[in-house]
Amino acid sequence: MTVIKVETKPFENQKPGTGGLRKQTKVFMEPNYLENFVQASVSVRKNNGDILNSWVVGGDGRYPGKQVLGKIIKILVANGIKKVLVVGRDLIAPTPAISNIIKKYNTDGGFILSASHNPGGINGDFGIKVEMSNGGGAPEVITNAIYDETKVIKEYLSLDISDEDALNLPEVEYLDPIKDYADLMESMFDFDAIRDWFKAGHTFRFNAMNASTGPSAVEIFVNRLGAKREWILNSIPMDDFGGVHPEPNPTYAKDFFDDMMNGMADFGCACDGDGDRNMILGNKFYVIPSDCLAIMTKYHKLVPYYKNGLSGVARSIPTSSSVDRVAKSMGLDVYNTPTGWKFFASLLDAGKINLCGEESFGQGGDYIREKDGIFAILFWLNILARTGKTVEELVREMWNENGRIFYSQYSYEGVDKEKATKLWEDMKVANIDGKKYGNFEISKKEVFDYTDPVNGEVSKAQGVQILTKDNVRIFFRLSGTGTVGATIRLYIEKYENDASKFSLPAREYLKDIYVLVDEILGIKEIFGDIKPSAIN
Ligand code: G1P
Ligand code: ZN
């Protein structure tokens with residue numbers, strides 16, 4: 001076996017976004033597209049002074065992960081990596097389980113082959129995310145350097161063997177994708193209490209959306225906790241997710257959501273394609289992710305892993321400030337970070353926080369460096385089992401104590417990129433302080449720049465925040481994960497302390513504000529009569 005140099009040409013479009021390099025599957029299948037990025041990632045890590053001995057490769061099972069594994073192994077081994085740990089022969093494992101393996105086995109980093117909650121298959125999306133030795137996504141200094149490298153790359157290293165033979169190289173070891181993760185979860189949560197909760201007759205549904213969490217969910221919820229097998233829905237992973245858009249929210253998991261709103265079970269939940277996101281539903285009750293993080297914070301001491309308390313919590317800035325209220329009432333520090341889990345990783349590494357979350361259906365903790373759907377679900381089961389309350393009771397009690405933050409997120413997906421970029425640039429410099437829109441008056445518009453409190457790194461212009469005189473907070477940014485055109489993300493929140501209004505649906509309560517936001521941005525003038533594609 002000899003190391004060979006393969007000549008290649010740079011691609012222009014390999015800038016990693018919020019969750020790594022994510023593109024349409026067909027783009028990834030262009031010759032050398034993946035190879036270039038893999039080589040660039042390894043080169044940059046080496047140039048950074050990192051010694052790379054061991055590397056993890058995992059994925060959410062989407063096409064063509066399994067088919068490209070041999071190619072990746074060849075590049076890794078040719079670059080001197082001595083141990084390649086592959087998570088599952090079929091590369092089917094949730095992102096948090098892969099992150100756990102990277103950290104637990106003290107490896108030097110890894111690749112996660114996933115496009116998260118985006119649809120999969122030949123007509124869907126594929127992606128590759130570069131992980132650091134802490135089991136978290138590479139920070140911007142690294143991803144920017146990788147991007148620079150992809151623009152000048154001329155060759156990559158490989159081996160003169162077939163992709164098939166690479167799968168059986170002595171450097172390659174295959175790990176069980178389920179056991180380590182299930183053991184970790186069992187060590188953190190009160191499994192006895194949850195078992196009793198199921199025994200007492202409470203009902204449950206978990207929707208794996210034909211994606212990577214099915215097998216882990218069966219092991220954890222059924223084998224270890226005693227849930228019924230038929231409560232785990234869509235549990236067989238498929239490489240195209242059976243055509244489902246594996247994003248657990250009321251829009252893309254609509255049937256499941258409707259079933260829960262019709263009282264299918266006491267507790268319902270779902271995970272996305274790569275298992276780092278989750279949706280939490282009670283019997284006829286929807287918990288928005290921002291409130292979900294607040295409830296987890298409020299009851300964290302019921303979870304054995306957190307019984308000694310938290311040092312602090314964090315939310316991304318577009319997430320509602322619900323958790324801030326709970327944390328402050330408990331005397332905990334709260335950090336507001338830009339979008340993307342990597343900003344939490346630095347706070348987690350420094351021990352400043354132990355729990356964090358984003359409005360985009362993700363929560364997680366300090367035991368790994370990725371968000372974790374099953375973790376959040378077990379957290380809720382733990383709280384339900386230990387308090388004996390229902391999901392709805394838990395949330396309503398919190399609103400009664402702290403007031404309700406009405407919150408909504410909506411996106412215009414796949415819009416014209418040039419127009420969206422111009423809108424973004426215009427909004428950054430727009431002077432609208434004091435301007436009136438109908439009943440609303442803007443008190444302050446600001447560009448959100450972030451300085452990491454641990455390493456001092458500055459991330460500029462992570463969004464535009466607009467505050468009105470009636471305590472409405474609007475946040476606007478462009479998505480960093482889309483694969484076609486641009487996606488405009490809008491987030492709005494308003495604090496309410498009049499309990500007689502708490503039962504209003506958020507969409508109704510906020511209806512005037514949607515109009516206001518579109519007007520401030522001039523959506524109709526710029527894009528014509530477009531409709532937001534997902535409202536949560
Ligand atoms: C989206 C979410 C963000 C999340 C990311 C990866 O990114 O908004 O919270 O971290 O997916 O799951 P965006 O497309 O908004 O850049
Ligand atoms: Zn995901």
Side-chain angles (χ1 to χ4, degrees), residues 15-23 58-62 93-99 112-120 124-129 131 136-138 140 143 208-209 211-213 241 245-249 252-253 270-279 288-290 292-293 314-320 336-345 356-364 368-376 409-415 420 424 448 459 461-463 475-491 532-534 536:
K15 186 173 169 55
T18 321
L21 182 65
R22 209 175 277 181
K23 296 281 168 203
D60 63 5
R62 72 177 64 219
T95 287
I98 303 166
S99 175
I112 298 181
L113 307 181
S114 165
S116 185
H117 49 283
N118 293 18
D125 292 335
F126 189 69
I128 176 166
K129 192 169 161 195
E131 298 280 292
E140 244 158 64
T143 54
M209 302 190 87
S212 65
T213 51
F241 312 126
H245 183 143
E247 182 166 358
N249 65 29
Y252 293 117
C271 281
D272 74 331
D274 69 327
D276 57 356
R277 293 183 176 206
N278 73 90
M279 173 168 68
I288 63 164
S290 300
C292 182
L293 176 64
R315 67 163 164 102
S316 64
I317 183 92
T319 305
S320 103
N336 297 164
T337 60
T339 292
W341 208 259
K342 59 190 173 213
F343 293 102
F344 293 138
C356 45
E358 299 187 283
E359 49 62 46
S360 54
F361 298 81
Q363 295 84 25
I368 52 167
R369 296 293 174 270
E370 293 283 356
K371 58 190 173 228
D372 187 345
I374 289 181
F375 163 84
Q409 190 279 321
Y410 61 112
S411 300
Y412 292 101
E413 290 172 307
V415 298
W424 165 243
F448 178 68
S459 302
Q462 298 293 309
F475 200 82
F476 158 60
R477 56 184 281 280
L478 296 183
S479 153
T481 61
T483 55
V484 181
T487 291
I488 295 169
R489 300 248 192 252
L490 296 167
Y491 315 81
S533 37
N536 301 310

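One-based numbering, in listed order, for ligands and for the atoms of each. Worth saying up front: this structure is predicted, and the values here are computed from it rather than measured.
Looking only at heavy atoms of the protein, atom 12 (O) of ligand 1 is closest to K371 NZ, 2.8 Å. Taking atom 14 (O) of ligand 1 as the reference point, the nearest protein heavy-atom neighbour is T481 OG1, 2.4 Å. Regarding atom 9 (O) of ligand 1, its nearest protein heavy-atom neighbour is S360 OG, 2.6 Å. In terms of protein heavy atoms, atom 16 (O) of ligand 1 is closest to G480 N, 2.6 Å.
Near R477, the atoms of ligand 1 lying under 4.0 angstrom from a non-hydrogen atom of the residue are 8 (O), 13 (P), 15 (O), 16 (O). Close contacts of ligand 1 with T339, meaning ligand atoms under 4.0 Å from a residue heavy atom, involve 3 (C), 9 (O). Ligand 1 places these atoms under 4.0 Å from at least one heavy atom of G340: 10 (O). Counting the atoms of ligand 1 from 1 in the order shown, those under 4.0 Å from a heavy atom of R489 are 8 (O), 13 (P), 14 (O), 15 (O).
In terms of polar-atom proximity, defined here as any N/O pair under 3.5 Å, L478 makes no such contact with ligand 1. Here's the thing with D276: none of its N/O atoms is less than 3.5 angstrom from an N/O atom of ligand 1. Checked by distance only, ligand 1 and S479 come closer than 3.5 Å through their nitrogen or oxygen atoms.
In this structure, the side chain of S99 does not engage the main chain of G136 through any donor-acceptor pair within 3.5 Å. The main-chain N or O of T481 is found under 3.5 Å from a side-chain atom of S479 such that the two form a donor-acceptor pair. Remark: side-chain polar atoms of S290 are paired, donor with acceptor, to backbone N or O of S320 under 3.5 angstrom. With R62 contributing its side chain and N118 its backbone, the two residues share a donor-acceptor pair below 3.5 Å. Looking only at distances, a side-chain donor or acceptor of D272 sits under 3.5 Å from a matching main-chain atom of R277.
Looking at heavy atoms from C-beta onward, P338 lies out of side-chain contact with R477 at the 4.5 angstrom threshold.
Residue contacts to the Zn ion (ligand 2): S116 brings an N, O or S atom closer than 2.8 Å. The Zn ion (ligand 2) does not have D60 among its coordinating residues (no N/O/S atom, backbone or side chain, under 2.8 Å).
Here the angle centred on the Zn ion (ligand 2), running from OD1 of D276 over to OD2 of D272, is 100°, rounded to 10°.
Of all N, O or S atoms in D274, the one lying closest to the Zn ion (ligand 2) is OD1.
Distance check, rounded to the nearest 0.5 Å: CD of E131 to CZ of R369 gives 11.5 Å. Atoms CG and CG, on D274 and D60 in that order, are 5.5 Å from each other to the nearest 0.5 Å. Atom CD1 of I317 sits about 5.5 Å away from atom CZ of F475, to the nearest 0.5 Å.
For the residues R22, E358, R277, H117, the heavy atom positioned nearest atom 1 (C) of ligand 1 is part of R277.
Within the structure, the closest approach of S316 to ligand 1 does not fall below 4.0 Å when heavy atoms are considered.
Note on ring orientation: taking the six-membered ring where Trp is involved, the planes of Y252 and H245 are parallel (angle under 30°, cut-offs 30° and 60°).
Taking the charged nitrogens against the carboxylate oxygens, E359 and R489 have no contact shorter than 4.0 Å, which rules out a salt bridge.
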